[in-house]
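Below is one structure, written out as structure tokens; the observations come after it.
Whatever order the structure lists them in is the order used to number ligands and atoms, beginning at 1. Residue indices begin at 1 and follow the sequence shown.
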Amino acid sequence: FFESSNMAQRVAPDGGNKKTSRVRVAVRLRPYMSKQDKKDEGPCVRGLDSQNLEIINWRNATETVKYHFDVFHGEQTTQQEVFLSSVKPILPHILNGQNASVFAYGPTGAGKTHTMLGTSEQPGVIPRAVREVFNLVKAKDEDEGWDYSIGMSYLEIYNEKVLDLLSPGSQDLPIREDKDKNILIPGLTHTPISSFSEFDKHFVPASLNRTTASTKLNQRSSRSHAILLIKVVRTQRAFPHRQQTGKLYLVDLAGSEDNRRTGNQGIRLKESGAINLSLFTLSKVVDSLNSGTAVRVPYRDSKLTRLLQDSLGGSAHSVMITNIAPEYKYYFDTFSALNFAAKSKLIVNKPFIRETVAVPVLPVKRSREDHEAGGSGT
Ligand code: ADP
Ligand code: MG
């Protein structure tokens, strides 16, 4: 399937399109986990520097394919570093009525949830970003004359259905656009929050709900998109009390693995291609935003991209963190994730970490056929 991917050949022009902003693409390689690699083959990907990595070429193991990104985060990169370099810089914009989005993309097991959610010892992008938004609001100068309020929604897109995670049991919700081209979801719970602990109080049980459901519903969490929305509304204290709304979407995407190849049980071959219509459309949207060519951006082709239309491209600030894993069992999914994420790639003719193993010469009795075909001069 590599031949058919025109994304693989793409070299995006630096600077991009003037009308729509580029999606910044960072790649994060998680540490090698030997329990993920029963054959103990070692990693097949390695970082080169802060923008480049290389992966073994599956067609020819003496070659590597080198990829270039906006940012590369190696396996030593901490949660704090990922946040500081890829997320923190875009947050001030949402206090000025602009929109922003951060996505974690990549195959199941590559570290999306670790990056977005993390653990209590190693909190990820979501808790850090929410804390930072509260800090930014607190630090705002009273004299500027604006009052700020913060609220949250939390939803999931599963099989092209929009589900409210703050109101479990709710039905598929519609996505609408108002006259100013703002995207909204009538009926979605929106909860005002005045502190980080208040955020946590609503967010943690909703996340747990999702995890519990996932084990029951056949790896649902790897096939649905979890979308946290933080909305900052500011109102001018003086007449005419102007109001501006900034939205921040923090998205833990469904696994990008090819479901046809991994053969999820219970899903017929024909249907599996449609499971992640949203993910496929997202890749087309990001591609057309970043290619700089004036093609139609296909936002309306899926729920995810329709929902994010006002917060992805245009005047919005967007970052995609592509998570990859170094073990060979992820090889093809890593390859396709990299082809999606890369600004450019290059085949390098040099051996990777594969060492040549000296084969001991044993006095083996060879068959007649071997002698004839071998021609090794014995
Ligand atoms: P995904 O959400 O993409 O399916 P996870 O975030 O659940 O992947 O990560 C899979 C496993 O790898 C988890 O056990 C997670 O704790 C671990 N992991 C992922 N990224 C890192 C990292 N950067 N450092 C340490 N462990 C990680
Ligand atoms: Mg996950």
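- Looking only at protein heavy atoms, the nearest one to atom 6 (O) of ligand 1 is H114 N, 2.7 Å.
- Residue contacts with ligand 1: M33 is placed with no nitrogen or oxygen under 3.5 Å of a nitrogen or oxygen of the ligand (distance criterion only).
- Taking the charged nitrogens against the carboxylate oxygens, K181 and D310 have no contact shorter than 4.0 Å, which rules out a salt bridge.
- Considering both main-chain and side-chain atoms, D252 never comes within under 3.5 Å of ligand 1 through any nitrogen or oxygen pair.
- At distances below 3.5 Å, at least one donor-acceptor pair connects side-chain atoms of H241 with backbone N or O atoms of Q236.
- By heavy-atom distance, the residue among A104, P31, A254, P107 lying nearest atom 24 (N) of ligand 1 is P31.
- The neighbour count for Q76 CD, taken as heavy atoms of other residues, nucleotides or ligands under 6.0 Å away, does not exceed 12.
- Residue contacts with ligand 1, taken as heavy atom pairs separated by less than 4.0 Å, do not involve Q122 at all.
- No donor-acceptor pair under 3.5 Å is formed between the side chain of E156 and the backbone N or O of S224.
- In this structure, the protein non-hydrogen atom closest to atom 7 (O) of ligand 1 is T113 CB, 4.3 Å.
- Counting the atoms of ligand 1 from 1 in the order shown, those under 4.0 Å from a heavy atom of R30 are 12 (O), 18 (N), 19 (C), 20 (N), 21 (C).
- Of the residues L229, D164, L155, the one that meets the side chain to side chain contact (heavy atoms under 4.5 Å, CB included) test with I185 is L155.
- Counting heavy atoms of neighbouring residues, nucleotides and ligands inside a 6.0 Å radius, atom NZ of K161 does not exceed 12 of them.
- Considering backbone and side-chain atoms alike, T108 places every N or O at 3.5 Å or more from each N or O of ligand 1.
- T113 lies close to the Mg ion (ligand 2), since one of its N, O or S atoms is found at a distance under 2.8 Å.
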Would you give me the side-chain donor-acceptor pairs under 3.5 Å for residues 23-34, sequence neighbours excluded?
unit_1, atom_1, unit_2, atom_2, d
R28, NH1, Q79, OE1, 2.8
R28, NH1, T115, OG1, 3.1
R28, NH2, T77, O, 3.2
R28, NH2, Q79, OE1, 3.1
R30, NE, G109, O, 2.8
R30, NH1, E327, OE1, 3.3
R30, NH1, E327, OE2, 2.9
R30, NH2, G109, O, 3.2
R30, NH2, E327, OE1, 3.0
Y32, OH, D37, OD2, 2.6
Y32, OH, G42, N, 3.3

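- For the pair R234 and Y148, the cation does not sit on the ring face, since its NZ or CZ is not both under 6.0 Å from the ring centre and inside 45° of the axis.
- Contact atoms of ligand 1 toward K112: 1 (P), 2 (O), 3 (O), 4 (O), 6 (O), 8 (O) (distance under 4.0 Å to a heavy atom of the residue).
- Shown here, atom 22 (C) of ligand 1 is in close reach of the protein: a heavy atom of it lies under 4.0 Å off.
- Using a distance-only test at 3.5 Å, with no hydrogens or angles considered, a donor-acceptor pair links the side chain of D49 to the main chain of Q51.
- For ligand 1, the polar-atom distance check finds no N/O of T115 at less than 3.5 Å from any of the ligand's N/O atoms.
- At a 4.0 Å heavy-atom cut-off, ligand 1 touches R28 through the side chain alone.
- The contact set between ligand 1 and G109, taken as ligand atoms under 4.0 Å from a residue heavy atom, comprises 1 (P), 3 (O), 4 (O), 8 (O), 10 (C).
- Close approach of ligand 1 to G111 is summarised as follows: ligand atoms under 4.0 Å from at least one heavy atom of the residue are 1 (P), 3 (O), 5 (P), 6 (O), 8 (O), 9 (O), 19 (C), 20 (N).
- The pair R306-D301 does not meet the salt-bridge criterion, since no charged nitrogen lies less than 4.0 angstrom from a carboxylate oxygen.
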